[in-house]
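In what follows, a single structure is set out as structure tokens and then discussed.
In what follows, every chain begins at residue 1, and chains take the letters A, B, ... in the order their sequences are listed. Source: prediction; values computed, not measured.
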Number of protein chains: 2
Amino acid sequence: MCARVPNVADGMAPDRNRRRIPDATVSRLPVYLRILGEQAEAGVDNISSEGLAELAGVNAAKVRKDLSYLGSYGTRGVGYEVAYLVYQIRRELGLTHDWPVVIVGAGNLGQALAGYGGFGERGFPVAGIVDIDTTKVGTVLGGTRVRHIDELPQIVQTRRVNIGVIATPGAAAQDAADRLVKAGVTSILNFAPIVLSVPRAIEVRKVDLAVELQILSYHEQRRAGGAIHAVQSGTGRSATA
Amino acid sequence: MCARVPNVADGMAPDRNRRRIPDATVSRLPVYLRILGEQAEAGVDNISSEGLAELAGVNAAKVRKDLSYLGSYGTRGVGYEVAYLVYQIRRELGLTHDWPVVIVGAGNLGQALAGYGGFGERGFPVAGIVDIDTTKVGTVLGGTRVRHIDELPQIVQTRRVNIGVIATPGAAAQDAADRLVKAGVTSILNFAPIVLSVPRAIEVRKVDLAVELQILSYHEQRRAGGAIHAVQSGTGRSATA
DNA sequence: AGGCACTCGTGCACACATTCACAAAGCCAG
DNA sequence: CTGGCTTTGTGAATGTGTGCACGAGTGCCT
């Protein structure tokens with residue numbers, strides 16, 4: 001196949017940022033990206049919307065529409081070139097360079113996150129871990145020394161950190177958020193079970209285990225309350241998002 | 001105020017389960033519930049939709065519509081009785097009794113989850129932790145001894161477990177899901193970064209840290225690509241969901 | 001060269017979610 | 001008992017997301 005013509009609208013598209021990608025699509029692009037990475041690793045060069053859809057557990061039309069927001073990078077009759085699509089999605093998601101993150105809270109969860117390692121591999125190296133508890137300062141987690149929360153501004157500035165992760169108990173989370181914002185962080189991933197109050201310009205995403213479990217509980221309860229059922233041996237299999 | 005008349009449609013509403021609550025609402029009810037619990041603890045008896053909305057970081061009309069799916073439990077001109085609302089939400093979410101969970105994977109994340117403790121408090125006691133690695137079996141995490149994954153069916157049956165939590169590496173997650181399903185679990189909370197393939201009847205929810213970070217990355221990248229900005233000192237504060 | 005099989009990109013209709021706006025309902029003061 | 005204030009509950013309008021269906025390219029085979 002002929003080489004792509006990446007001259008126009010490739011490196012830094014002039015009006016690319018004008019185009020807004022729907023939230024629902026943005027939340028699926030990372031999934032496509034991971035699958036495409038796996039496929040590339042497995043030696044797959046091209047993939048159809050249907051193939052990608054099956055692996056991602058979604059509708060093929062949705063895949064095509066999602067990808068169309070990036071531009072028309074598919075080839076009719078053939079599909080999408082995996083490597084090129086990976087590049088385009090990475091560019092759109094801003095994954096062409098690393099985004100160092102700082103973790104606030106060195107408790108159970110903070111330790112798990114720091115020790116996870118998957119962060120760094122996926123372009124989010126841990127620039128630092130801080131805690132307010134001085135007895136925790138100095139211990140080493142996943143290769144990173146825990147520092148005191150007062151050092152947050154320094155870490156954020158010297159390491160150019162834009163993303164903060166809150167892994168504190170609920171009671172300490174708002175203070176953590178305030179400190180992160182004051183230090184200059186503009187995006188926050190919050191694991192604490194509270195609603196944060198932050199300036200409008202700050203992007204916050206919440207991960208709340210209790211909420212997830214309670215949603216599952218709702219469906220379980222609903223199942224139990226509905227018609228008597230004995231659906232145990234699953235027959236059909238369907239990918240689930 | 002006159003006493004409520006809980007006779008009709010209280011204990012087990014006959015056609016309550018006929019009424020389907022929208023997904024978006026179900027995902028917000030746990031947030032309301034936590035806030036209401038805090039308010040009750042603080043001695044607040046009544047709360048208006050606007051007050052609850054502010055604490056939850058959402059629109060007041062949305063709160064009213066969400067709550068209206070539970071029934072008309074508010075009093076015009078007054079608001080909602082906190083204790084009663086807590087009861088109704090708990091009932092609707094199926095939180096009137098405990099839902100024991102089993103954790104698969106005793107690595108970093110599994111340990112953090114088991115040690116978290118917040119599970120049990122919120123009605124999701126850890127019925128067991130299992131791992132495929134025999135060297136991990138026998139160690140104790142958060143008061144629970146790690147058992148071998150082959151014991152999964154026994155744990156699920158004796159403890160009446162409906163909810164499984166997958167905290168394994170991605171490569172092991174599908175196997176974990178298969179084992180959970182075979183053991184009789186009907187809801188799964190998946191922390192592994194893969195799309196699980198399970199029978200249709202199984203409810204799956206996914207929590208993927210990499211995806212969340214990449215979504216934040218998108219917004220950061222967008223911010224950087226847009227007009228030059230120096231929005232640092234936040235002026236307005238707004239609760240964010 | 002022409003026809004055929006395949007797959008993308010997208011217009012359109014439908015479903016779901018959010019927000020506004022207001023009538024209905026309750027409380028309180030006098 | 002009446003009038004005024006507050007707040008709910010919900011119809012209607014708007015916005016967002018999903019999925020079908022099909023035209024339009026593309027490559028392969030004869």
Side-chain angles (χ1 to χ4, degrees), chain A residues 1-5 9 19-29 31-32 36 39 44-82 84-85 88-89 92 215 238-241, chain B residues 1-5 9 19-29 31-32 36 39 44-82 84-85 88-89 92 215 238-241:
Chain A
M1 106 195 30
C2 68
R4 300 272 182 178
V5 274
R19 209 181 307 193
R20 209 184 115 273
I21 297 184
D23 287 347
T25 295
V26 171
S27 70
R28 280 188 295 267
L29 287 178
V31 178
Y32 301 154
L36 290 169
Q39 293 299 304
V44 176
D45 288 334
N46 278 279
I47 192 168
S48 68
S49 62
E50 192 151 8
L52 182 50
E54 177 138 1
L55 293 171
V58 300
N59 183 295
K62 203 187 292 190
V63 169
R64 289 199 296 276
K65 188 152 287 189
D66 285 342
L67 296 182
S68 76
Y69 290 113
L70 308 181
S72 295
Y73 296 136
T75 306
R76 296 172 191 224
V78 177
Y80 300 87
E81 189 188 330
V82 173
Y84 191 65
L85 202 49
Q88 290 297 341
I89 295 179
E92 193 67 41
I215 293 171
S238 72
T240 314
Chain B
M1 96 199 46
C2 70
R4 300 273 183 180
V5 276
R19 210 181 306 194
R20 211 186 110 270
I21 297 184
D23 287 347
T25 294
V26 171
S27 69
R28 281 189 296 267
L29 287 179
V31 178
Y32 301 153
L36 290 169
Q39 294 298 303
V44 176
D45 288 334
N46 278 279
I47 193 167
S48 67
S49 61
E50 191 151 6
L52 182 51
E54 176 137 2
L55 293 171
V58 300
N59 184 295
K62 203 187 291 189
V63 169
R64 289 199 295 277
K65 186 147 285 189
D66 284 343
L67 296 182
S68 76
Y69 291 114
L70 308 181
S72 294
Y73 296 135
T75 307
R76 295 171 191 226
V78 177
Y80 300 87
E81 189 187 330
V82 173
Y84 190 65
L85 202 49
Q88 289 298 342
I89 295 179
E92 193 67 42
I215 293 171
S238 72
T240 314

Salt bridge (charged side-chain N to carboxylate O under 4.0 Å, His left out) filter on A:R28, not counting sequence neighbours, yields A:D66
Find the distance [X]:[atom1] to [N]:[atom2] and express it as a whole number of Å.
| X | N | atom1 | atom2 | value |
| --- | --- | --- | --- | --- |
| A:E81 | C:dT7 | CD | C1' | 16 Å |
| A:D23 | C:dC16 | CG | C1' | 15 Å |
| A:E50 | C:dG9 | CD | C1' | 15 Å |
| A:R20 | D:dT16 | CZ | P | 7 Å |
| A:L52 | C:dT7 | CG | C1' | 14 Å |

Value for CG (A:L85) from CD (A:Q88), rounded to nearest 0.5 Å, stands at 8.0 Å
Separation between OH (B:Y32) and OG1 (B:T25), nearest 0.5 Å, reads 7.0 Å
By side chain to side chain contact (heavy atoms under 4.5 Å, CB included), B:D45 pairs with (sequence neighbours left out) none
Taken in chain and number order and not counting sequence neighbours, the residues that satisfy side chain to side chain contact (heavy atoms under 4.5 Å, CB included) with B:D23 are B:R20
For B:I21 and B:L70 the tightest heavy-atom approach is CD1-CD2, 4.0 Å
Heavy atoms of A:Q39 and A:L55 approach each other most closely as NE2-CD1, 3.5 Å
Q.
Just N and O in the side chain of B:S49: are any of them under 4.0 Å from OP1 or OP2 of D:dT8?
A. yes
Quiz item: Are OP1 or OP2 of D:dT26 and a side-chain N or O of A:Y80 less than 4.0 angstrom apart?
Solution: no
All N/O pairs under 3.5 Å across the protein-nucleotides 28-30 of chain D interface:
none

Side chain to side chain donor-acceptor pair (under 3.5 Å) filter on A:S27, not counting sequence neighbours, yields none
A correct 5'-to-3' footprint of nucleotides 18-23 of chain D, with B, S and - meaning base, sugar-phosphate only and no protein heavy atom under 4.0 Å, is SBBB-B
